[in-house]
Undergrad: 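Here it is, the structure in full.
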Amino acid sequence: MKFNYTLNSIKINSAWFDQSDRKQNVYEKITYKGLNLYFKLYKFRIHNQENEHTFITSISMLRKVTKYKTDEIFELLKKMKNAKIIKLENVSRWEYLIDENGNIKDKDILIITAIDTFPIEDFKKDDNKYYIFVPLSLFQLYEDKGLNEKYYALYCLIVKWSQNQEHKSWMSIAKMAKFLGFDKDYVNQMIYNMNRYYFMSSYRKRNGKGGFNFEHFILNSWKPDEIEKFIRIHKENMDKLISRVDNKKKNKKKMDIETELEIVEEQPKQIKQQKAPTAFGKPRKDVTVKKVESTNDNEILEQLNVTDRDWEEIFG
């Protein structure tokens, strides 16, 4: 049985990805695996509860959707609780989940609530905290292309630092790697894959000091019209990057993706994607979003005027 997300999108606290030399942020406490586990809880959300972020699940069910080992999920739940982003409603002590032989009771029902949250509605007025818009249905498209949970963390980081008038992040790959705790070569490959599958478009721009700024525009919607707009604006750039990198790979040369990025002298004209909530601004009250019932690839194809070749690159 396959478990689907019960929501198209959620919001997480922007402070989870704050940078500080004094203390760990939430992401550093729970790591990318804890972030993934948090998102996977929304495959087990129970509707019409007093707390709208309520989940009924078990370690065995979480193991099924994450592919993590039992003891790893157990430790991640501890980290998430210690980071004060979840609460276990029916288990007051962790030892209650250990049997007399020292084994974890992975079949026991867990009632979990998320406690550092925002209202479910995309644009509902809230308490003025800042947040990152997380399109879970887009993450399903990531998964369909074979992109793992590390890409969810990359998405959140870029969106966190793209909340500006130009909707782009200037963070270098070295800085991304350090922040996320990933190897720099691995982040190079991630940037390649995100551009290859049309989930992100990366550029470099002269900074006037003899160097470059690196610019990343990220797709932040699962909606067909927003995907089509993003591709229409950035496809040429993404295709150029992939062609350059593939030639390097063919010649067995080491890839440094930042040296392959297109140099732009002027700002690429960016589309106005759905006015998603921002990490540094208050959520909008005057926008509504129509619900998408399915992210089925064939249904998306029927709604967009994009060539078959393009969609082979996107969805395979």
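Computed from a predicted structure; not experimentally measured.
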Undergrad: What distance separates K23 NZ from N25 CG, expressed to the nearest 0.5 Å?
TA: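 The distance works out to 10.0 Å.
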Undergrad: Could you check M194 against L154 for side-chain contact (heavy atoms from CB on, under 4.5 Å), going step by step and ending with a plain yes or no?
TA: CA-CA 10 Å; M194 290 287 277; L154 177 66; 4.1 Å; yes
Undergrad: Counting N and O atoms only, with roles assigned by atom type, does the side chain of Q49 sit under 3.5 Å from a partner on the main chain of H47, one being a donor and the other an acceptor?
TA: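 Indeed, once roles are kept as given, a pair shorter than 3.5 Å links the two residues.
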Undergrad: Within the structure provided, determine whether C156 and W16 are in side-chain contact (heavy-atom separation under 4.5 Å).
TA: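 When only atoms from C-beta onward are counted, W16 and C156 do not touch, as no gap falls below 4.5 Å.
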Undergrad: Mind checking whether Y155 and F139 have parallel, tilted or perpendicular rings, split at 30° and 60°?
TA: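 It falls in the perpendicular class, over 60°.
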Undergrad: List the steps and the verdict of side-chain contact (heavy atoms from CB on, under 4.5 Å) for L97 and L110.
TA: CA-CA 10 Å; L97 290 175; L110 299 177; 3.9 Å; yes
Undergrad: Considering non-hydrogen atoms only, spot the tightest contact between V26 and I85 and give its length.
TA: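 Closest approach of V26 to I85, heavy atoms only: CG1-CG2, 4.0 Å.
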Undergrad: Taking all non-hydrogen atoms of both residues into account, name the closest pair between M80 and L37 and its distance.
TA: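 Taking every non-hydrogen atom into account, SD-CD2, 3.7 Å.
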Undergrad: Tell me yes or no: between the side chains of N36 and Y151, is some donor less than 3.5 Å from an acceptor?
TA: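 Side-chain D/A pair, N36 to Y151: absent.
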Undergrad: Find out whether F44 and V65 are in side-chain contact, i.e. whether some heavy atom of one side chain is under 4.5 Å from a heavy atom of the other.
TA: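 A side-chain contact exists here, since the closest heavy-atom pair is under 4.5 Å.
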Undergrad: Shortest non-hydrogen contact from A15 to K160?
TA: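 That closest heavy-atom pairing would be N-NZ, 4.5 Å.
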Undergrad: State, with a plain yes or no, whether a side-chain heavy atom of Y152 is found less than 4.5 Å away from one of E143.
TA: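 Yes, side chains in contact.
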Undergrad: Report the C-alpha distance between R45 and E52 in whole Å, list the side-chain angles of each, state the deciding distance to 0.1 Å, and finish with yes or no for side-chain contact (heavy atoms from CB on, under 4.5 Å).
TA: CA-CA 8 Å; R45 175 177 174 260; E52 59 183 354; 3.9 Å; yes
Undergrad: Sequence neighbours left out, what pairs pass side chain to side chain donor-acceptor pair (under 3.5 Å) with at least one residue falling in residues 100-114?
TA: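 Only R63-D106, E89-T113 qualify under side chain to side chain donor-acceptor pair (under 3.5 Å).
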Undergrad: Would you say I227 and L138 make side-chain contact, with heavy atoms under 4.5 Å?
TA: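 No. Closest side-chain heavy atoms not under 4.5 Å.
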Undergrad: Hey, what do you get for CD1 (I120) to NE2 (H53), rounding to the nearest 0.5 Å?
TA: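 It is 4.0 Å, given to the nearest 0.5 Å.
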Undergrad: In terms of side-chain geometry, is the basic nitrogen of K79 or E75 positioned less than 4.0 Å from the acidic oxygen of its partner?
TA: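 So K79 does not pair with E75 through a salt bridge.
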Undergrad: Which value, rounded to the nearest 0.5 Å, describes the distance between I73 atom CD1 and T66 atom OG1?
TA: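 The CD1 atom of I73 sits 3.5 Å away from the OG1 atom of T66.
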Undergrad: So which atom in S202 and which in I191 form the shortest heavy-atom distance, rounded to 0.1 Å?
TA: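 Closest pair (atom of S202, atom of I191, distance): OG-CG2, 3.6 Å.
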Undergrad: Do side-chain atoms of T54 reach the backbone of N51 as a donor and acceptor pair under 3.5 angstrom?
TA: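 It does hold such a pair.
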Undergrad: Can you confirm whether Y27 sits close enough to L180 that some side-chain heavy atom of one is under 4.5 Å from a side-chain heavy atom of the other?
TA: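 When only atoms from C-beta onward are counted, L180 and Y27 do touch, with a gap below 4.5 Å.
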Undergrad: Could you tell me if K150 sits above the aromatic ring of Y186, with its cationic atom closer than 6.0 Å to the ring centre and no more than 45 degrees from the axis?
TA: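 Verdict for Y186: a cation-pi partner in K150.
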Undergrad: Under the side-chain contact (heavy atoms from CB on, under 4.5 Å) criterion, do D246 and Y192 qualify, and how do the steps go?
TA: CA-CA 10 Å; D246 286 349; Y192 167 83; 2.6 Å; yes
Undergrad: I'd like to check W94 versus K78 (side-chain heavy atoms, cut-off strictly below 4.5 Å). Are they in contact?
TA: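 Counting from C-beta outward, W94 and K78 do come under 4.5 Å.
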Undergrad: Using 30° and 60° as the class limits, which term best fits the ring planes of Y142 and F199: parallel, tilted or perpendicular?
TA: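 Geometry flag for F199 against Y142: tilted rings.
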Undergrad: What's the shortest heavy-atom distance between P135 and S9, and which atoms?
TA: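 Closest approach of P135 to S9: CA-CB, 4.1 Å.
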Undergrad: Using 0.5 Å steps for rounding, measure from the CG atom of L141 to the CG atom of L147.
TA: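 That separation rounds to 10.0 Å.
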Undergrad: Just checking, any donor-acceptor pair under 3.5 angstrom between side chains of Y198 and D239?
TA: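 Yes - a donor-acceptor pair under 3.5 Å links their side chains.
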Undergrad: So, taking the atom named NZ in K81 and the one named CG in L76, what distance separates them when rounded to the nearest 0.5 Å?
TA: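 So the NZ of K81 and the CG of L76 are separated by 15.0 Å.
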Undergrad: With side chain to side chain contact (heavy atoms under 4.5 Å, CB included) as the test, pick out the partner of I10 among F133, Y38, Y5.
TA: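 Result: among F133, Y38, Y5, Y38 is the only option passing the side chain to side chain contact (heavy atoms under 4.5 Å, CB included) with I10.
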Undergrad: Please walk me through it: do D185 and Q189 pass side chain to side chain donor-acceptor pair (under 3.5 Å)?
TA: CA-CA 6 Å; D185 288 341; Q189 186 64 37; over 6 Å; no
Undergrad: Give me the atom names and distance for the closest heavy-atom approach of S201 to N195.
TA: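 Closest heavy-atom pair between S201 and N195: CA-OD1, 3.3 Å.
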Undergrad: Would you say F39 and I46 are hydrophobically clustered, going by side-chain heavy atoms of ILVMFWY under 4.5 Å?
TA: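 No, it is not one cluster - the side chains of F39 and I46 are not joined through contacts under 4.5 Å.
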Undergrad: Any side-chain heavy atom of I112 sitting closer than 4.5 Å to one from L77?
TA: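 Side-chain contact under 4.5 Å: yes.
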Undergrad: Can you check whether F55 reaches I111 side chain to side chain, under 4.5 Å on heavy atoms?
TA: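 Answer no - side chains too far apart.
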Undergrad: Taking the six-membered ring of Y68, is the NZ or CZ of K33 close enough (under 6.0 Å from the centre) and on axis enough (within 45°)?
TA: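 Pair K33/Y68 counts as cation-pi.
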Undergrad: If you count every heavy atom of other residues, nucleotides or ligands that lies below 6.0 Å from K175 atom NZ, does the total exceed 12?
TA: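 12 or below, so no.
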Undergrad: Quick check: is I56 connected to I59 through a chain of hydrophobic side chains (ILVMFWY, heavy atoms under 4.5 Å apart)?
TA: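 The answer is no; the residues belong to distinct hydrophobic clusters.
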Undergrad: Looking only at atom types and distance, does a side-chain atom of R196 sit under 3.5 Å from a main-chain N or O of L241, one as donor and one as acceptor?
TA: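 Answer holds: no.
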Undergrad: Look only at the side chain of S58 and the backbone of I109, and say whether a donor-acceptor pair between them is shorter than 3.5 Å.
TA: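 It does not hold such a pair.
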Undergrad: Establish whether L88 and I98 are linked, either directly or via other cluster members, by ILVMFWY side-chain heavy-atom contacts under 4.5 Å.
TA: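 Yes, it is one cluster - the side chains of L88 and I98 are joined through contacts under 4.5 Å.
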Undergrad: Between CZ of F182 and CE of M176, what distance do you get to the nearest 0.5 Å?
TA: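 Between atom CZ of F182 and atom CE of M176 there are 12.0 Å.
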Undergrad: Does NZ or CZ of K11 come closer than 6.0 Å to the centre of the six-membered ring of Y131, within 45° of the ring's axis?
TA: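 Output yes; distance and angle both within limits.
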